[in-house]
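See below for the structure under consideration.
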Amino acid sequence: MLEDPTKLLEDLTPEQGAAVSHLDGPALVLAGPGSGKTRVITRRIAWLVGNGIPAWQILALTFTNKAAGEMRERVDELVPETVAGRRGLFVSTFHAFCARQIRMHAERLGLDAGFSIYSTADQRSAMKESIASSGLESGNWTPASMLSAVSDAKNKLQTVEAYDAEASDFYTRTVARAYAGYQKILARNNAVDFDDLLLKTAALLRDHDDVRSELQERFRYVLIDEYQDTNHAQFVIADSIASAHGNLFVVGDPDQSIYGWRGADVGNILDFESQYPGTSIIALGRNFRSTGHIVGAAAGLISNNRRRKHKELHTDLGDGEQVSLLHCRDERHEAEQLAEQLRTASDEGRDYRDMAVLYRVNALSRVLEDSLRSAGIPYVIARGTAFFERKEIKDVLAYLRSLANLSDEVALGRIMNVPARGVGKKTIERLGRFAMQNGLPLFEAVTRVAEVDGLGARAVRSVGTFANSMLRWRSALENGHDGQLPGFVAQVITESGLEAMNIGGEGDEEQERIANLNELVNAAAEFQPAPEQLVTEGGGDPDSPELDDVEVPITLLDALRGFLESVALVSDQDVVDESRGAVTLMTLHAAKGLEYEVVAMVGLEEGLLPHARSQEGELELEEERRLCYVGMTRARRRLLMMTAASRAVRGVRSMTVPSSFLSEIPTEHLLESGSDPFGDANDGYTIEYDPDVVDEPGELGLASRFPAGTVVRHPQFGMGTVRSISPRGSVSAARVDFHAIGTKTLILEYARLERVVD
DNA sequence: TGGCCGTGACTTTTT
DNA sequence: GTCACGGCCA
């Protein structure tokens, strides 16, 4: 193919071709759903290589490992690695790219190369500690809210100092203190969080001319996928690398911007033109994915957004099926109907792997799983991090992380007494005090446990044994090579006693835990550093036309660090695997960039989509609408949208209102069916609810169910009479006279009050 | 010290 | 309905 690069353009539309063959200067590709965005990027890479640009000068950035992997694969198909100038292509996620830069220049950022990347759970515990030690004890400051404020700041590249300088009111002053304490803890543990990866890379590029010019020199061509979801930090990083040569090629769709809450700035794509004068703009409006009714329905919906660039969408694939809008009685009914629909599609000859079920919140998956399981329909849930959040896996990872980064006291604290070895809170406290008093890292105190005062003989012996194991493993890491990684992981699992601890019983859970531990060893065996990690160590000399074919040997310690990094940066999408022959269940967010023959969206109700937490402002509402749009446009041939007339949330059942988005879809594209719980009930089920509830849909339902005078029963307080009901924010407070204990105020939504019928 | 149990708190989306 | 934490008992 490469002998004649123009062949790369043959089966493309003129617009696609223009994008692919764009050579120098900034370019913005506005790519509607299904318009061949990935195709354009991969062809373009091949085109550049075919036109004499060495692949190692090309940097392609994505948001998920899955997208990066697919891009690599598809480029391989177009231009095999054996072709001259093809080696060294750098395709990576933003976060992995940044992690690598930080690893290479760790010392300049005050880090050790073995730094840990903190997971959400680690972040929370660090923030908790920060809040506690900053004396912010009054309960109003939750770690979650502080972390989100800190994350916002970091995404805007505000360091502690910058944030502090601007903090003027009580709230921001408080955040500033929590932020400062939090960063101190991260530094002490030689750790960074997700946002730091971006922030520190941006700082590295800003403050170190040599690093910046090296990257600028090497990466003459920068391509970015899903540009609408970049935040300010990512913009600065990309801009800083691409500014020297100006070859910044971005692809995205403002209508699919769904990460505003995470700091993504649609302004990056909307203002691209003015940021980069001379930008070539190419709009891809033809949809190759979906049939007419699906495209029409989605286009009708998104046209309700006021803040957008108008864009025509069209398809040549014919009208196809109308979008089915199916109303169900409740979430169980919805789940059963879903299973039935999937079964029908399968009976029609469609493969389960070509079907996906999308929902707004993860909590919805449970009832769907139950139903699919009992219907015998194979399914997988796309939750990339779920595996690594299991306790037995977290334990092993804490060992590994602690070994990779001896300063990581969060990890060390987790494992000192796991499996239980008689090292309790007191012992850990004394070790900590000893470390503090002598200005030592905690790990040092552990290895010198004999010097610590006040410990019992048993504790000294246990800690000593633990310390010896750690030192032994650590020296194995330093002396080993990368091929030993799976063996090493297995060794730690066994010798630490974690294996014995989990072998305990015979139940399904125990079996599963052991299987998971084995799975982790497999993951280590499958782990390979991304190809680009192997190539450039020193060989990345921008003047060398071709990189060495020699792969630099990697030590076991480096391999472990790479493995832990890949574990820290998995996304939900990364575990989506079409080859499993199963229906994929995932959130709407995780579905971005994917496509399926049959797509079902469930829970299309007010409060869920749009989500209650985003109904305050017009901006948030528009993002919810885009989210709905993203979901709908994942479907190639059949789109099924479902509602439940009543839904139990946190154990409380209430009537729902269909999503307002549904009424924004032009009716000619819709085929509405299903039961109307308020109409006649001869459609196969009977109404099983209290008439009081049915009369009052929505959140009023619960309050109206317990008017003053209602006799109720509470699981703890026994029988009582409702005295009054008053709204309290989004919930209702009830004052109840309990016969046994007197008057109490309860939140209706949480108290499990039962109406007692007399 | 460790494990169990009860209570209370909370519940969007994620690299 | 789920999880985390604190208190209590062995």
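Reminder, nothing fancy here: chain letters follow the sequence lines and each chain counts from 1.
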Span that lies between the C1' atom of B/dT13 and that of C/dA4, in whole angstrom: 23 Å
A/N516 and A/E392: side chain donor to acceptor below 3.5 Å: yes
Could you tell me how far apart A/E620 (CD) and B/dT12 (P) are, to the nearest whole angstrom? 15 Å
How is A/R626 classified with respect to the nucleic acid when contacts are heavy atoms under 4.0 Å: base, sugar-phosphate, or nothing? nothing
Using the six-membered ring wherever Trp is involved, compare the ring planes of A/H589 and A/Y259 and label them parallel, tilted or perpendicular (cut-offs 30° and 60°). tilted
Please check the phosphate of B/dT14 (OP1 and OP2 only) for any side-chain N or O of A/N362 closer than 4.0 Å. yes
Tell me yes or no: between the side chains of A/E606 and A/S660, is some donor less than 3.5 Å from an acceptor? yes
Answer with base, sugar-phosphate or nothing: what part of the nucleic acid does A/A420 contact at a heavy-atom distance below 4.0 Å? sugar-phosphate
Identify whether any heavy atom of A/Y259 sits under 4.0 Å from a base atom; if not, whether one sits that close to sugar-phosphate; answer base, sugar-phosphate or nothing. sugar-phosphate
Salt bridge (Lys or Arg N to Asp or Glu O under 4.0 Å) against A/R373, all qualifying residues, sequence neighbours excluded: A/E369, A/D370
Under 4.0 angstrom between A/R613 side-chain N/O and B/dT12 OP1 or OP2: yes
Would one find a side-chain N or O of A/T64 under 4.0 angstrom from OP1 or OP2 of B/dT15? no
Compare the minimum distances between each of B/dT12, B/dG2, B/dT15 and the side chain of A/H611, then state the nucleotide with the smallest one. B/dT12
Using a strict cut-off of less than 4.0 Å between a Lys/Arg side-chain nitrogen and an Asp/Glu carboxylate oxygen, indicate whether A/E429 and A/K425 qualify as a salt bridge. no
Using a 4.0 Å heavy-atom cut-off, does A/D572 contact any base of the nucleic acid, only the sugar-phosphate backbone, or nothing at all? sugar-phosphate
Select from A/A459 and A/R383 the residue whose nearest nucleotide in DNA chain B is closer to the 5' end of that strand. A/A459
Heteroatom pairs (N/O) under 3.5 angstrom, protein to nucleotides 5-8 of chain C:
from  : atom 1 : to     : atom 2 : distance (Å)
C/dC5 : OP1    : A/K128 : NZ     : 2.6

Any side-chain N or O of A/S571 less than 4.0 Å from the OP1 or OP2 oxygen of B/dT15? yes
Closest nucleotide among B/dT15, B/dT1, B/dT13 to the A/W261 side chain: B/dT13
Rounded distance (Å) that lies between atom C1' of B/dT15 and atom CG of A/D265: 17 Å
Under the salt bridge (Lys or Arg N to Asp or Glu O under 4.0 Å) test, residues paired with A/R647 that sit two or more places apart: A/E334, A/E605
How would you label the contact of A/V649 with the nucleic acid (heavy atoms, under 4.0 Å): base, sugar-phosphate, or nothing? nothing
Base, sugar-phosphate, or nothing for A/T93, non-hydrogen atoms under 4.0 angstrom? nothing
Looking at B/dT15, C/dT2, B/dT11, which one has an atom nearest to any side-chain atom of A/R366? C/dT2
Between the side chain of A/T584 and the main-chain N/O of A/V380, is any donor-acceptor distance below 3.5 Å? no
Under 4.0 Å, counting only non-hydrogen atoms across every strand here, what does A/F63 touch: a base, just sugar-phosphate, or nothing? sugar-phosphate
Taking the six-membered ring of A/F63, is NZ or CZ of A/K592 closer than 6.0 Å to its centre and within 45° of its axis? yes
Quickly work out the A/H589 NE2 to B/dT12 P distance and round it to whole Å. 12 Å
Phosphate oxygens OP1/OP2 of B/dT12: is one of them under 4.0 Å from a side-chain N or O of A/T587? no
